[in-house]
Amino acid sequence: MKILVVGSGAREHAIAWKLSGERDVSDVLCTPGNPGIAAVARCLPADVGNPLELAEIATRENVELTVVGPEFPLSCGVVDVFTERGMPIVGPTRAAAALESSKAFAKDFMARHRVPTARFKICTSAGDALATIALGEFGYPVVIKADGLAAGKGVVIAEDRAGAESAIGAAMIDRRFGASGERIVIEEFLVGDEASYFVLADDTQFVAFSSAQDHKRLLDDDRGPNTGGMGAFAPSPLVTADVERRVVAEIVQPVLQGMAQEGHPFRGFLYVGLMLTADGPRVVEFNVRFGDPEAQVVFPMLDEDLSWLLASAATGVLPSRPARFRSVPHVAVAIAAGGYPDSTENGKVITGLDVAERVPGALIFHAGTARDDGNLVTAGGRVLTVVGSGSTYRAAIDVAYDAVSHIRFEGMQFRRDIGQKTLNAE
Ligand code: AMP
Ligand code: GLY
């Protein structure tokens, strides 16, 4: 099978790496890819926001199956274009991608299908939003979310009325997120631990993947600004068999049934962002793609062919059983460029990767890297993900940080506490 992976991050590197080692895969192509992905796949330049260009590449290259990593090409309708042309692809249509691209759609959808989530109100004008805050019905802290995609910056947890009013002003009057802030969701603050749960779905059939936990803040002890994710581990010790049963019965099944009923059957990876509250699991958000850096810890644990699962999803013949996983803890440390998440320092020479890659149990996935005059240099916010595995979380953490210790570039930032939360469980 000839497979095309769309994207250029460490998540796509993990997907391409897994596929490249599989029996039924003859070729892995990746567009646009990056220098790390080039070691396991043939990389082709493309504008991933242009579905027609992607379809032309897939046709020209005789690609038999395409899998889309990031949300952006999905929201541009890449799956719609491939499906119209009868080309197998794994990912949701643009309409189904609204579960991620519109928080207002996702909240209304959950209300219609009784999926547990924070109490909320959708506001379409600053006046409405300010009046809602004045009523104080959600208490404090209160959560203010821009409706549309806002590069991870659209959520404000306001401690008091003044904070809520300023968040509303930023989104709806100053239009800090452009059209994404035309509508906002005001919601109750949920108390609990966060975890993620992943399934691969096709219509109402799905294969459960794994749970994981992300570390969204830039600095140790969950301080500093939100980022795309500074590290992750899998599986999550918080997602016990009992929690998993509830997540499947109360969230995954009603969501897939609801999407199918409403005429937008969901195909692809569904990422359920959970808050594990005293009253049970609640949805914080959906993403319509795999997590990054969660993919970098989950795919290395997968103990069967990803190509077969993806082909089954694309053709509607997924098995009715969970995916097979090795129960070996994996821990991922993201290494970011100086300035991240506000800006990025590109062009800094990266050294030590060869030594880091030789650490037993370590894997290195590239994100923001480029080749420049024979050197590997930084070319993006999150530069690399370093993954460690071991028989315990402690061992996996040690492997990951041993590998990180060999890597150097000017301005590099990484958290030193990734995975610490698992040690209490251990
Ligand atoms: P989101 O972009 O919706 O995932 O929100 C970003 C982060 O804000 C989440 O990962 C949570 O840490 C936090 N968050 C969002 N909604 C809530 C909520 N209702 N209660 C508590 N924290 C929340
Ligand atoms: N790690 C969070 C995300 O992929 O959205």
Side-chain angles (χ1 to χ4, degrees), residues 8-18 20-21 33-41 214-215 218-220 224 227-234 292-301 328-341 344-423:
S8 64
R11 166 184 47 211
E12 290 74 39
H13 190 176
I15 293 172
W17 166 82
K18 172 74 176 112
S20 70
N34 66 39
I37 297 176
V40 293
D214 190 7
H215 299 64
L218 180 70
L219 304 173
D220 287 9
T227 70
M230 293 299 291
F233 56 83
D292 181 343
E294 292 94 327
Q296 295 91 296
V297 284
V298 170
F299 288 115
M301 290 167 56
V328 177
H330 280 64
V331 172
V333 180
I335 305 183
Y340 180 76
T344 60
E345 289 173 7
N346 291 344
K348 304 294 180 195
V349 175
I350 304 166
T351 60
L353 277 193
D354 46 343
V355 184
E357 271 163 356
R358 285 200 294 273
V359 171
L363 285 168
I364 300 190
F365 296 117
H366 290 226
T369 65
R371 292 249 174 244
D372 180 29
D373 243 358
N375 287 320
L376 188 72
V377 298
T378 61
R382 287 185 294 176
V383 177
L384 297 162
T385 305
V386 178
V387 178
S389 63
S391 54
T392 59
Y393 291 105
R394 175 77 265 164
I397 293 167
D398 290 344
V399 169
Y401 281 103
D402 180 5
V404 168
S405 72
H406 300 290
I407 299 171
R408 294 266 186 287
F409 60 84
E410 196 186 317
M412 69 188 261
Q413 310 186 66
F414 61 90
R415 278 178 60 160
R416 287 169 171 76
D417 65 343
I418 303 299
Q420 290 295 324
K421 287 175 196 163
T422 59
L423 299 180

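We count residues from 1, following the sequence as given.
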Below 4.5 Å, heavy atoms only, C-beta onward: do V399 and P360 meet side chain to side chain? no

Counting C-beta onward and ignoring hydrogens, is there a side-chain heavy-atom pair between S389 and M301 closer than 4.5 Å? no

For F365 and L384, what are the C-alpha separation, side-chain angles and deciding distance, and is it a side-chain contact (heavy atoms from CB on, under 4.5 Å)? CA-CA 6 Å; F365 296 117; L384 297 162; over 6 Å; no

Check A395 against G390 and note the closest heavy-atom contact, atom names and distance. CB-CA, 4.1 Å

With a cut-off of 6.0 Å (strictly less than), are more than 12 heavy atoms of other residues, nucleotides or ligands near CD of E410? no

For a 4.5 angstrom cut-off between non-hydrogen side-chain atoms, does N375 reach R371? no

Are the side chains of V333 and Y401 in contact, using a 4.5 Å heavy-atom criterion? yes

Relative to each other, are the rings of F233 and H215 parallel, tilted or perpendicular (30° and 60° limits)? perpendicular

Has the side chain of R11 got a donor or acceptor atom that lies under 3.5 Å from a matching backbone atom of S8? no

pair I407-I335: side-chain heavy atoms closer than 4.5 Å: yes

Less than 4.5 Å apart, any side-chain heavy atom of Q420 and any of L423? yes

For G9, is there any backbone N or O sitting under 3.5 Å from a side-chain donor or acceptor partner on E12? yes

Nearest atoms (heavy-atom pairs only) where T378 meets E345: OG1-O, 2.8 Å

Test item: T422 and I397 side chains (from C-beta on) under 4.5 Å apart, heavy atoms: yes

Within the side chain of Q413, is there an N or O that forms a donor-acceptor pair under 3.5 Å with the backbone of Y340? yes

Does T385 use its side chain to pair, donor to acceptor, with the backbone of A332 at less than 3.5 Å? no

Are the side chains of W17 and P300 in contact, using a 4.5 Å heavy-atom criterion? yes

Approximate separation, where rounding is to 0.5 Å, of R382 CZ and M230 CE: 8.5 Å

Given 3.5 Å as the limit, does a donor-acceptor pair link the side chain of T227 with the main chain of G229, or not? yes

Residues two or more places apart in sequence or in another chain: which of them pass side-chain hydrogen bond (donor to acceptor under 3.5 Å, both in side chains) with T369? H366

Quick one: does D220's side chain have a donor or acceptor within less than 3.5 Å of a partner on R416's backbone? yes

Do the side chain of N346 and the main chain of G380 share a donor and acceptor less than 3.5 angstrom apart? yes

